[in-house]
Colleague: 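Structure in structure tokens, see below.
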Protein chains: 2
Amino acid sequence: MNKYTNKLDHFISQLNTDTQQDIMALPKQMVYEKGDFLLKEGTICKKSFVLESGIIRKFYLNEGKEITTEFYFKDDIALSFKSYISQEPSNEYLQVLEKTVVMVTDYDDVLKLQKTHPELIELELLFMQQYVIWLDERLFHFHTLDAKQKYQLLLNKTPHIIQNIPLNYIASYLGVSPETISRIRASK
Amino acid sequence: MNKYTNKLDHFISQLNTDTQQDIMALPKQMVYEKGDFLLKEGTICKKSFVLESGIIRKFYLNEGKEITTEFYFKDDIALSFKSYISQEPSNEYLQVLEKTVVMVTDYDDVLKLQKTHPELIELELLFMQQYVIWLDERLFHFHTLDAKQKYQLLLNKTPHIIQNIPLNYIASYLGVSPETISRIRASK
DNA sequence: TTAATTAATTGACATAGGTCAAGTATCAAT
DNA sequence: ATTGATACTTGACCTATGTCAATTAATTAA
């Protein structure tokens with residue numbers, strides 16, 4: 001189960017076969033090991049990464065501390081949004097948390113393909129829309145939930161995050177301290 | 001100074017004149033009074049509102065309390081995102097805070113125009129992108145700033161919000177209590 | 001396997017910010 | 001201008017969650 005790409009697959013499946021093949025021709029498979037960076041602060045995010053397996057996390061630095069903003073699993077699309085669309089240096093990092101296989105696509109190649117197949121702009125639009133909905137929901141949770149509720153939501157909705165990711169990353173993702181998460185766990 | 005429509009204007013200005021005229025033909029001017037609702041929970045958001053003057057706020061209800069999520073001023077585009085793109089019932093309200101003049105465009109009309117002018121899909125894409133950047137930044141602030149820092153940011157970046165909007169809406173927008181805002185004001 | 005790191009838990013304490021209640025100021029309507 | 005309603009401020013108190021430090025558990029590397 002992936003985060004927000006179902007609609008994209010559906011859209012692609014309705015394109016004509018030639019266009020589909022052109023899209024499929026772009027990505028190259030790459031394998032990364034735990035700790036590898038796919039993107040670092042100050043670098044322009046020129047590629048998107050669709051995960052075949054493994055885990056990636058996105059984070060930025062704030063006053064020397066890492067703030068985790070997103071986790072990516074199978075079929076998710078990892079990229080630093082603002083840098084990707086503006087093609088300006090990123091303030092985010094993308095780091096591999098365990099051996100990960102990705103399909104890498106160059107944004108330049110996507111733009112070229114959009115020139116010859118304008119209908120692909122709609123694909124990018126769909127992706128944006130899904131991402132906005134996800135962001136909107138996340139903001140809603142920051143606005144209305146306390147530490148325990150946020151943790152339990154994660155536990156219910158995305159247990160694979162809880163099971164596979166170190167507690168201090170989860171804490172930072174939820175905007176609470178690791179100690180608080182630890183106490184929530186102990187309290188039931 | 002508006003929130004995120006500069007790039008859209010620029011894009012439109014580069015279209016051919018006929019297309020520009022077709023776009024300009026869609027919106028109808030409407031005037032609303034203080035307290036009027038442009039959208040209520042349970043209703044599908046079928047229209048977008050570009051403000052000519054006045055103020056609109058967006059909010060949802062959580063456990064009986066209004067949570068304000070956005071303010072709109074001149075040249076901003078007010079709509080309930082998720083409902084607008086999915087055409088499903090909204091969980092948000094759009095309410096006019098003072099006499100407001102808007103240009104209203106039907107989403108159906110936009111979709112029709114996109115059929116005959118596919119290049120307009122890119123316009124929608126640009127809008128999404130701007131909105132993602134705005135949301136992303138807002139989430140960043142919820143993640144890293146305390147009450148005082150959030151208030152001061154608002155004071156510096158968007159003083160027109162502080163000056164024109166009741167304190168309890170501002171408090172809710174920042175995710176803190178009205179009392180806290182009041183104390184921050186008193187402390188300097 | 002053992003040692004060395006790193007991650008997670010737990011306790012003691014501090015504090016930002018919430019809640020509730022009272023009081024004051026501001027605004028709107030007659 | 002007077003009343004009533006609404007918005008804002010202030011004080012007292014409370015609670016969730018942060019910080020720091022010590023301890024234990026789990027990984028990793030040799």
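In the text below, chain A, chain B and the rest are named by the order of the sequence lines, each starting its count at 1.
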Colleague: Measuring to OP1 and OP2 of C:dG18, would you say a side-chain N or O of B:Thr180 lies under 4.0 angstrom away?
Modeller: yes

Colleague: Can you see which heavy atom on B:Leu79 is nearest to which on B:Phe127, and at what distance?
Modeller: CD2-CE2, 4.3 Å

Colleague: With a cut-off of under 6.0 Å to the ring centre and 45° to the axis, is A:Lys40 in cation-pi contact with A:Phe37?
Modeller: yes

Colleague: Does anyone know the first and last nucleotide of DNA chain D in reach of chain B, 5' to 3', at under 4.0 angstrom to a heavy atom?
Modeller: D:dC8 to D:dA12

Colleague: With B:Glu52, which residues qualify under salt bridge (charged side-chain N to carboxylate O under 4.0 Å, His left out), at least two apart?
Modeller: none

Colleague: What residue pairs, at least two apart or across chains, pass side-chain hydrogen bond (donor to acceptor under 3.5 Å, both in side chains) with a residue in residues 162-177 of chain A?
Modeller: A:Ser177-A:Thr180

Colleague: I need the CG-C1' distance between B:Asn164 and C:dC27, as an integer number of Å.
Modeller: 16 Å

Colleague: Please lay out, stage by stage, how B:Ser83 and B:Ser90 fare under the test side chain to side chain donor-acceptor pair (under 3.5 Å).
Modeller: CA-CA 5 Å; B:Ser83 172; B:Ser90 174; 4.7 Å; no

Colleague: Nearest to the side chain of B:Asp146, heavy atoms from C-beta on, is which of C:dA8, C:dT19, C:dG17?
Modeller: C:dG17

Colleague: A:Lys150: which residues meet the salt bridge (charged side-chain N to carboxylate O under 4.0 Å, His left out) condition with it, sequence neighbours left out?
Modeller: none

Colleague: Taking atom P of C:dG17 as reference, at what distance in whole Å does atom OH of B:Tyr151 sit?
Modeller: 15 Å

Colleague: Over how many whole Å does the gap from A:Arg183 atom CZ to C:dA12 atom P extend?
Modeller: 11 Å

Colleague: Give a yes/no on whether any side-chain N or O of A:Arg185 is located under 4.0 angstrom from OP1 or OP2 of C:dT9.
Modeller: yes

Colleague: Find which nucleotide of DNA chain C each of B:Gly175 and A:Pro178 is nearest to by heavy atoms, and output the residue with the more 5' nucleotide.
Modeller: A:Pro178

Colleague: Please report, rounded to the nearest Å, how far the P atom of C:dA8 is from the CD1 atom of A:Ile184.
Modeller: 15 Å

Colleague: Rounded to the nearest Å, what distance is computed from the CD1 atom of residue A:Ile181 to the P atom of nucleotide C:dT10?
Modeller: 14 Å

Colleague: Extract all donor-acceptor atom pairs below 3.5 Å that involve side chains of residues 10-20 of chain A and protein atoms in other chains or at least two apart in sequence.
Modeller:
from    : atom 1 : to      : atom 2 : distance (Å)
A:Ser13 : OG     : A:His10 : O      : 2.7
A:Asn16 : OD1    : A:Asp18 : N      : 3.1
A:Asn16 : OD1    : A:Thr19 : N      : 3.0
A:Asn16 : OD1    : A:Thr19 : OG1    : 3.0
A:Asn16 : ND2    : A:Thr19 : OG1    : 3.3
A:Gln20 : NE2    : A:Ile12 : O      : 3.1
A:Gln20 : NE2    : A:Ser13 : O      : 3.2
A:Gln20 : NE2    : A:Leu15 : O      : 2.9

Colleague: Just to be sure I understand the rule, does A:Lys34 reach a base, reach only the sugar-phosphate, or reach nothing, if contact means heavy atoms closer than 4.0 Å?
Modeller: sugar-phosphate

Colleague: Please determine whether side chain to side chain donor-acceptor pair (under 3.5 Å) holds for the pair A:Tyr107 and A:Gln87, giving the CA-CA distance in whole Å, both sets of side-chain angles, and the decisive distance to 0.1 Å.
Modeller: CA-CA 9 Å; A:Tyr107 190 44; A:Gln87 289 294 295; over 6 Å; no

Colleague: Given B:Arg57, which partner from the list B:Glu66, B:Glu98, B:Glu70 fulfils the salt bridge (Lys or Arg N to Asp or Glu O under 4.0 Å) test?
Modeller: B:Glu66

Colleague: Calculate the interatomic distance between A:Glu179 atom CD and C:dA14 atom P; express it in whole Å.
Modeller: 16 Å

Colleague: If we fit an axis to the first five pairs and another to the last five of the helix from C:dT1-D:dA30 to C:dT30-D:dA1, what angle do they make, to the nearest 10°?
Modeller: 50°

Colleague: In whole angstroms, how far is the P atom of C:dT9 from the CD1 atom of A:Ile170?
Modeller: 10 Å

